[in-house]
Amino acid sequence: MNTEVGKDLEKVKRLLDDASTVAIPTETVYGLAANGRDPEAISKIYLAKQRPLSNPLILHYKDAKSAFDDVLNVPKNANILAEKFWPGPLTMLLEKKSLVPDAVTAGKSRVAIRVPAHETCQLLLQKLSYPVAAPSANIYGRISPTCAEHVRNQLNTRIPYILDGGPCLKGIESTIIGFEQGKIMIYRLGSVTIEDLKSCTNAEVFYIESNAQKDEAPITSGMVKHHYAPNTPMFSSEDLDRSIDLSNCGYIGFDKPHPDFHTSNQFLLNDTGLMDVAASQLYRAFHIMDAKNFKRLYITWLPEKGIGRSINDRIKRAIQKNKP
Ligand code: TXA
Ligand code: MG
């Protein structure tokens, strides 16, 4: 059966109460939600997304109090950051209480918690008596969805309903952090920047790009080197190969068009140079340009600061698999 797209919060509540999965809007990307207390409901997320069972899920709460009620040993900095960034695109890894099912954390001792800011999502969470587990609402390894249509393109018939909350304001996933010996460790760069985190605590802030060189499993799957990738081979425009015919190649730029590509083959993330807007357009650009069946896609780097660093992180992972 085709997946329905709509705005019926009561229907979404009924479906979630009945252990179904539903795609929901958040300010970062759309999530594929299920009752975060019910392992059977959670298993349907993994099935619909074709996601490995070893990859844990973020729990989404209506407020900081209910989020912190599910975890132990909340450090002072977690409270400070919650005060500043929740509701919003920050996810914290903290020791879980036993009421959090192992199905959420894939057996790990820490659970990822966040309070989303999207208004429709908030209205839904306030109707529910449980937090919702939700990964991004894409097929595993594909591009995260930033509007209802992106979700339907990937998950049509696999889920009963998509709650339409319009385009996502932030457009890239939440920043994931943990706390180790008084330090703040960033496991995934996202919509909250390193500068944001540094601005409100005295703690040292470290970004762990990958722990893979130690032959360990990545702490979060966002650390996997290739991820978030379009199907069309994507390259950095720094590596432009002038020996190939660029007439059937696409270009994703920031604020300036590229003289070597047809105007109609280009997508500018924001022609006035606003990086926040560029972030909100990044996955939209990936989806749109991927659908044009170019031979190759080229993309520019953004300035390596603020949200630009998070955008560059996603670009790095998208082009990684095409590196020699
Ligand atoms: O913005 C977001 O974070 C979106 C929206 C829907 O909230 N969600 C999202 O979920 O991006 P997902 O599953 O696509 O990415 C979450 C990342 C994964 O890399 C997962 O491995 C990691 O968080 N993660 C979740 N729980 C974890 C845990 N207990 N320990 C380590 N990593 C965890
Ligand atoms: Mg994801």
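We count ligands from 1, going down the list as the structure has it; atoms in each ligand are counted the same way.
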Considering all heavy atoms, the nearest [X]-[Y] contact:
X	Y	value
Phe267	Arg284	CZ-NH1, 3.9 Å
Ile172	Leu282	CG2-CD2, 4.2 Å
Lys13	Leu128	CG-CD2, 3.9 Å

Linked, directly or transitively: Val132 and Val111 (ILVMFWY side chains, under 4.5 Å):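 No, it is not one cluster - the side chains of Val132 and Val111 are not joined through contacts under 4.5 Å.
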2.8 Å cut-off met by an N, O or S atom of Ser136 to the Mg ion (ligand 2):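 Here the distance criterion (N, O or S atom, under 2.8 Å) is met by Ser136, so yes.
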Where ligand 1 meets [X] - atom numbers and elements under 4.0 angstrom, heavy-atom basis:
X	value
Arg110	28 (C), 29 (N)
Ser174	1 (O), 2 (C), 3 (O)
Ile176	17 (C), 23 (O)
Thr28	1 (O), 2 (C), 4 (C), 5 (C)
Val29	4 (C), 6 (C)
His60	5 (C), 6 (C), 7 (O)

Close approach of Lys96 to ligand 1, heavy atoms, under 4.0 angstrom: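 Lys96 does not count as a contact of ligand 1 under the 4.0 Å cut-off.
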Test item, Arg51 contacting ligand 1 (heavy atom, 4.0 angstrom):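 Right, Arg51 reaches ligand 1.
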Residue portion contacting ligand 1 (non-hydrogen atoms closer than 4.0 Å) for Lys108: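 Within the 4.0 Å criterion, Lys108 contacts ligand 1 through side-chain atoms alone.
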Contact partition for Leu93 relative to ligand 1, non-hydrogen atoms under 4.0 Å: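 Within the 4.0 Å criterion, Leu93 contacts ligand 1 through side-chain atoms alone.
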Under-4.0 Å salt bridge between [X] and [Y]:
X	Y	result
Glu204	Lys198	no
Asp69	Lys65	yes
Asp102	Lys96	yes
Arg309	Glu195	yes

Plane angle bin for His258 and Tyr251 - parallel if under 30°, tilted between 30 and 60°, otherwise perpendicular: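 Ring orientation, 0 to 90° scale: perpendicular.
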Sidechain-backbone polar pair: Lys292 side chain, Gly250 backbone, donor-acceptor under 3.5 Å: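 Flag not set: sc Lys292 to bb Gly250 has no pair under 3.5 Å.
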Nearest-option assignment for atom 27 (C) of ligand 1, heavy atoms, candidates Ser144, Pro56, Pro52: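 Comparing heavy atoms across Ser144, Pro56, Pro52, the nearest one to atom 27 (C) of ligand 1 lies in Pro56.
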Heavy-atom nearest neighbour of atom 6 (C) of ligand 1 within options Gly190, Gly31, Pro89: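 Looking at heavy atoms only, Gly31 sits closest to atom 6 (C) of ligand 1.
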Please indicate whether any nitrogen or oxygen in [X] is less than 3.5 Å from any nitrogen or oxygen in ligand 1.
X	result
Asn55	yes
Arg188	yes
Thr91	no
Thr105	no

Within 45° cone of Phe235 ring axis and under 6.0 Å: Arg296 NZ or CZ: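 Pair Arg296/Phe235 counts as cation-pi.
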